[in-house]
Amino acid sequence: MPQLFKTISLDRIDLSDDTYRVTTQSDPAELARSIGAVGVLSPPIVKQRRGRWSVVCGFRRMTACRLLDRNSIACRILSDDSDFLTCVKIAIADNASQRRLNPVELSRAYRLLSQALSVEKLPSAAGEIGLPNGQELIEKLWGLCTASEQIQRGIVDERIALPVALELTRMPEAETTAFAELLASVPLSLNRQREALALIREIARREDLDFNAVVHAPELAGIIQDSETAVPQKGKALIRALKRRRFPSCFKFEEAFEQKRRQLPLGEGMSLL
């Protein structure tokens, strides 16, 4: 456990060693403003390793201090005999005590614990340091921290819904990248994401095409690049274009029906479905 406080030069701290990193938060600007106003309220915790200092918790605080052009930072020092499991628990507890961890951070936390504990002990240890410890949840989130950067960032930014992200982790990386980029350009709700993914897959199978060829089709690119259409309308147009391609006969029939429906002299307050 932490034994003492020490002011350490920032150039002696190895921020590239992310062994104990849990956080996915990368922008330190807001934290830097807070530190600039009131200082570092909770000192980072470090441990000496091969002549330099490794961060156990406090990556963002240190990055923020560098952003403020500070040369040193007061830290809590872990004793040399602190084992890996102790460091992992401190790193996770520090993050979990500040905010609710997102799915990628939870996945990282479970993976860290698993490097020091058996599978049987993992749920109990997770619960002790404030993590959700249901076995089903642990298994569900297990692979997220090894998913592609696009999937992880999409989850963190809430552009990719968790159920869809879990489905994407079982797909080839080139396909997940293409679909993640599509969602970054045209945000969709969970149901719309599922619908779009299913339609693209079915179109690719029916037309014997590569998944990415469907994603990058000219009709979809035109919708994405249309600067005059509002984002919600782009989402509707995207699904409509996919449906038109997936079910051409049904779509043609529906369009003909809609055209005739508009021509009917319906009275006020009447509609035909």
Side-chain angles (χ1 to χ4, degrees), residues 102-104 107 136-137 139-144 146-273:
N102 64 49
V104 176
S107 179
E136 184 178 347
L137 177 64
E139 292 175 359
K140 180 186 293 185
L141 302 182
W142 189 253
L144 284 185
T146 59
S148 69
E149 176 64 25
Q150 287 85 353
I151 293 179
Q152 292 190 41
R153 184 49 51 191
I155 294 171
V156 173
D157 295 341
E158 298 183 344
R159 295 193 314 269
I160 303 179
L162 181 58
V164 174
L166 294 173
E167 181 68 22
L168 292 176
T169 60
R170 295 187 283 270
M171 295 168 54
E173 185 172 348
E175 296 181 2
T176 65
T177 298
F179 193 71
E181 290 174 350
L182 178 67
L183 295 182
S185 302
V186 183
L188 299 171
S189 66
L190 167 59
N191 288 338
R192 289 297 195 185
Q193 288 180 31
R194 283 173 162 163
E195 187 175 17
L197 182 58
L199 287 169
I200 293 170
R201 280 174 156 177
E202 291 171 8
I203 291 168
R205 285 196 296 267
R206 189 170 71 93
E207 300 181 13
D208 195 22
L209 292 172
D210 181 74
F211 180 94
N212 288 10
V214 181
V215 174
H216 296 126
E219 59 266 31
L220 300 190
I223 294 170
I224 293 171
Q225 296 167 8
D226 185 358
S227 58
E228 297 183 0
T229 301
V231 172
Q233 300 307 314
K234 282 186 178 183
K236 292 180 180 179
L238 182 74
I239 297 297
R240 186 176 176 83
L242 289 171
K243 284 184 174 180
R244 179 187 291 112
R245 184 168 176 178
R246 173 63 183 90
F247 305 107
S249 297
C250 292
F251 198 87
K252 185 177 180 180
F253 181 87
E254 289 177 0
E255 284 190 324
F257 173 84
E258 180 62 23
Q259 183 178 11
K260 293 182 182 297
R261 187 191 65 81
R262 286 196 297 266
Q263 294 172 354
L264 291 175
L266 298 176
E268 184 178 351
M270 295 180 64
S271 63
L272 177 64
L273 302 179

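For clarity, every value in this text was computed on a predicted model and none was experimentally measured.
Of all the heavy atoms in His216 and Ala178, the pair that sits closest is CE1-CB, 4.2 Å. Leu188 approaches Gly235 most closely through the heavy-atom pair CD2-CA, 3.6 Å. Across all non-hydrogen atoms, the minimal contact from Lys243 to Glu195 is CE-OE2, 2.8 Å. Residue Asp157 comes nearest to Arg159 through the heavy atom pair OD2-NH1, 2.9 Å, listed as atom of the first residue, atom of the second, then distance. The shortest heavy-atom contact between Gln193 and Ile160 is OE1-CA, 3.7 Å.
Listed by first and then second residue, the salt bridge (charged side-chain N to carboxylate O under 4.0 Å, His left out) pairs that reach into residues 207-225 are Glu207-Arg245, Glu219-Arg245, sequence neighbours excluded. Note on residues 165-182: pairs passing side-chain hydrogen bond (donor to acceptor under 3.5 Å, both in side chains), not counting sequence neighbours, are Glu167-Arg170, Glu167-Arg201.
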I would like to know whether Phe211 and Leu197 meet side chain to side chain contact (heavy atoms under 4.5 Å, CB included); could you show each step before the answer? CA-CA 10 Å; Phe211 180 94; Leu197 182 58; 3.9 Å; yes

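To the nearest 0.5 angstrom, Leu242 atom CG is 5.0 Å from Ile203 atom CD1. Residue Met171 holds its CE atom at 10.5 Å from OG of Ser148, rounded to the nearest 0.5 Å. Atoms CG and CH2, on Leu166 and Trp142 in that order, are 14.5 Å from each other to the nearest 0.5 Å. Here the straight-line distance linking atom CG of Asn102 with atom OG of Ser107 works out to 10.0 Å at 0.5 Å rounding.
Partners of Leu190 by side-chain contact (heavy atoms from CB on, under 4.5 Å), not counting sequence neighbours, listed by chain and number: Ala161, Pro163, Val164, Arg194. For Glu258, the side-chain contact (heavy atoms from CB on, under 4.5 Å) partners two or more places apart in sequence, or in a different chain, are Arg261, Arg262. With sequence neighbours excluded, the residues that form a side-chain contact (heavy atoms from CB on, under 4.5 Å) with Arg244 are Arg240, Ala241, Phe251, Glu255.
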Show me, pair by pair, the donor-acceptor contacts under 3.5 angstrom made by side chains of residues 220-230, not counting sequence neighbours?
{"residue": "Asp226", "atom": "OD1", "partner": "Glu228", "partner atom": "N", "Å": "3.1"}
{"residue": "Asp226", "atom": "OD2", "partner": "Thr229", "partner atom": "OG1", "Å": "2.5"}

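The local environment of NZ in Lys234 is crowded, with over 12 non-hydrogen atoms from other residues, nucleotides or ligands closer than 6.0 Å. The 12-atom threshold is not exceeded at CZ of Phe253, counting heavy atoms of other residues, nucleotides or ligands nearer than 6.0 Å.
A 4.5 Å side-chain heavy-atom check between Asn212 and Val214 finds every atom pair outside the cut-off. Using a 4.5 Å heavy-atom cutoff, the side chains of Gln233 and Leu238 are not in contact. In this structure, Leu144 and Leu162 have side chains that are in contact, with non-hydrogen atoms separated by less than 4.5 Å. Between Phe247 and Glu202, the closest side-chain pair of non-hydrogen atoms falls below 4.5 Å.
Gln150 places no side-chain N or O within 3.5 Å of a backbone atom of Ala180 that could act as its donor or acceptor partner.
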